[in-house]
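Heads up, the thing below is written out as structure tokens.
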Amino acid sequence: MKTYSTGELAKACKVSVRTVQYYDKEGIVVPSQLSVGGRRIYSEDDFKKFHCVCLYKSLGFSLEDIKKIMETEDTYDLLLEVIMKQQEKISDEIHTLEKTKEKLNMVKEEIDNTGTLRLESLDEMEALLDKKRKHRKTDIMTYIFMGCYVLILFVGFPITVSVGGIYPFVMLIIAITLLLGLIFYHSGVNAYICPSCHEKFPIGFFKDMFTLNGGSKGKYLKCSHCGHRGWMKESFPE
Ligand SMILES: [Zn+2]
């Protein structure tokens, strides 16, 4: 029957000799024999067991859990339990990493937009992140409002005009209400950052809608603080 030395087992399983020795010391995979000189001799069963341990390790299981799985007769229930625990741990880690990524993006965006970083504490960063999230939500709401408006203008109106009677007037009232709602909702939501004095200034709905838009450059505006004219990036009010 084929047997394996520590080195052979390590090579076959692509781990270090120290790992094989460590698993023996921790009682996870103990060699079934020792040579006269005290060297570890692993049987075919030990070899399979070791492969199993490597598989569980690659799934991120802790050594403590692996040991429990290897010692338990009814492996599947315990295995499922460990898998679920591991899935939960990974979900938490992904969530934490995504939050960190969001913070990094926000700090980068802040430097890109203002040419400086005025954040001095974690609290300030959290507050800014909060404002940014809210701003994103209001942006989505504005697009929904505008989408409804376009629908009324190009679909609702022609239909109600063809039907006649009171319907075109009802549609007109809906359109006006929607426009007023949009103006009201939009006021105080957007601000622009001046690249010259790095200050933020809010602008009204119509100015925001009808100002020259340079895409990623921002909008061509005049700063209400220093009077500088140029491309200004969108932000949210302080
Ligand atoms: Zn300015």
Side-chain angles (χ1 to χ4, degrees), residues 90-158 168-238:
I90 289 175
S91 296
D92 285 350
E93 281 170 8
I94 291 174
H95 181 70
T96 310
L97 284 174
E98 270 172 355
K99 283 197 118 181
T100 309
K101 191 179 166 194
E102 193 187 5
K103 282 179 195 166
L104 286 171
N105 283 342
M106 195 263 305
V107 173
K108 185 182 174 288
E109 207 178 294
E110 187 70 5
I111 296 173
D112 279 349
N113 285 347
T114 63
T116 177
L117 184 65
R118 283 181 286 186
L119 300 172
E120 281 170 1
S121 71
L122 196 61
D123 283 352
E124 272 181 39
M125 186 162 78
E126 292 292 346
L128 191 65
L129 203 59
D130 236 31
K131 277 188 190 173
K132 241 184 161 59
R133 284 195 199 109
K134 269 187 206 146
H135 186 237
R136 212 171 293 151
K137 266 187 213 157
T138 53
D139 255 3
I140 293 168
M141 280 303 289
T142 309
Y143 284 124
I144 292 173
F145 255 126
M146 287 173 80
C148 291
Y149 204 72
V150 168
L151 267 179
I152 285 175
L153 223 56
F154 294 102
V155 182
F157 252 131
F169 295 103
V170 174
M171 201 43 86
L172 186 68
I173 289 166
I174 293 174
I176 292 170
T177 315
L178 207 61
L179 184 65
L180 288 174
L182 183 57
I183 294 168
F184 179 75
Y185 183 75
H186 191 274
S187 64
V189 163
N190 273 3
Y192 285 82
I193 302 167
C194 170
S196 178
C197 67
H198 304 307
E199 290 295 333
K200 287 182 183 181
F201 60 95
I203 67 170
F205 174 76
F206 285 107
K207 202 171 178 187
D208 200 7
M209 288 294 132
F210 298 110
T211 303
L212 190 59
N213 193 336
S216 61
K217 282 193 290 183
K219 286 190 178 170
Y220 196 83
L221 293 163
K222 184 184 173 195
C223 171
S224 61
H225 297 283
C226 69
H228 171 79
R229 265 180 204 281
W231 296 105
M232 316 243 170
K233 289 202 172 154
E234 192 185 318
S235 183
F236 39 84
E238 289 284 8

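Everything quoted here is computed from the prediction, not taken from an experiment. Every number for a ligand or one of its atoms is a count from 1 in the order of the listing.
Taking Arg229 as the reference, nothing meets the salt bridge (charged side-chain N to carboxylate O under 4.0 Å, His left out) condition, with sequence neighbours excluded. Leu212 pairs by the side chain to side chain contact (heavy atoms under 4.5 Å, CB included) definition with Tyr220, Trp231, not counting sequence neighbours. Contacts of Phe145 classified as side chain to side chain contact (heavy atoms under 4.5 Å, CB included), with partners at least two apart in sequence or in another chain: Leu178, Leu182, Tyr185.
Screening the protein for N, O or S atoms under 2.8 Å from the Zn ion (ligand 1) yields 4; no waters enter the count.
Distance check, rounded to the nearest 0.5 Å: CD of Glu234 to CG of Leu221 gives 10.5 Å. For the atom pair NZ (Lys207) and NZ (Lys222), the distance works out to 8.5 Å, reported to the nearest 0.5 Å.
Pro158 approaches Leu153 most closely through the heavy-atom pair CD-O, 3.6 Å.
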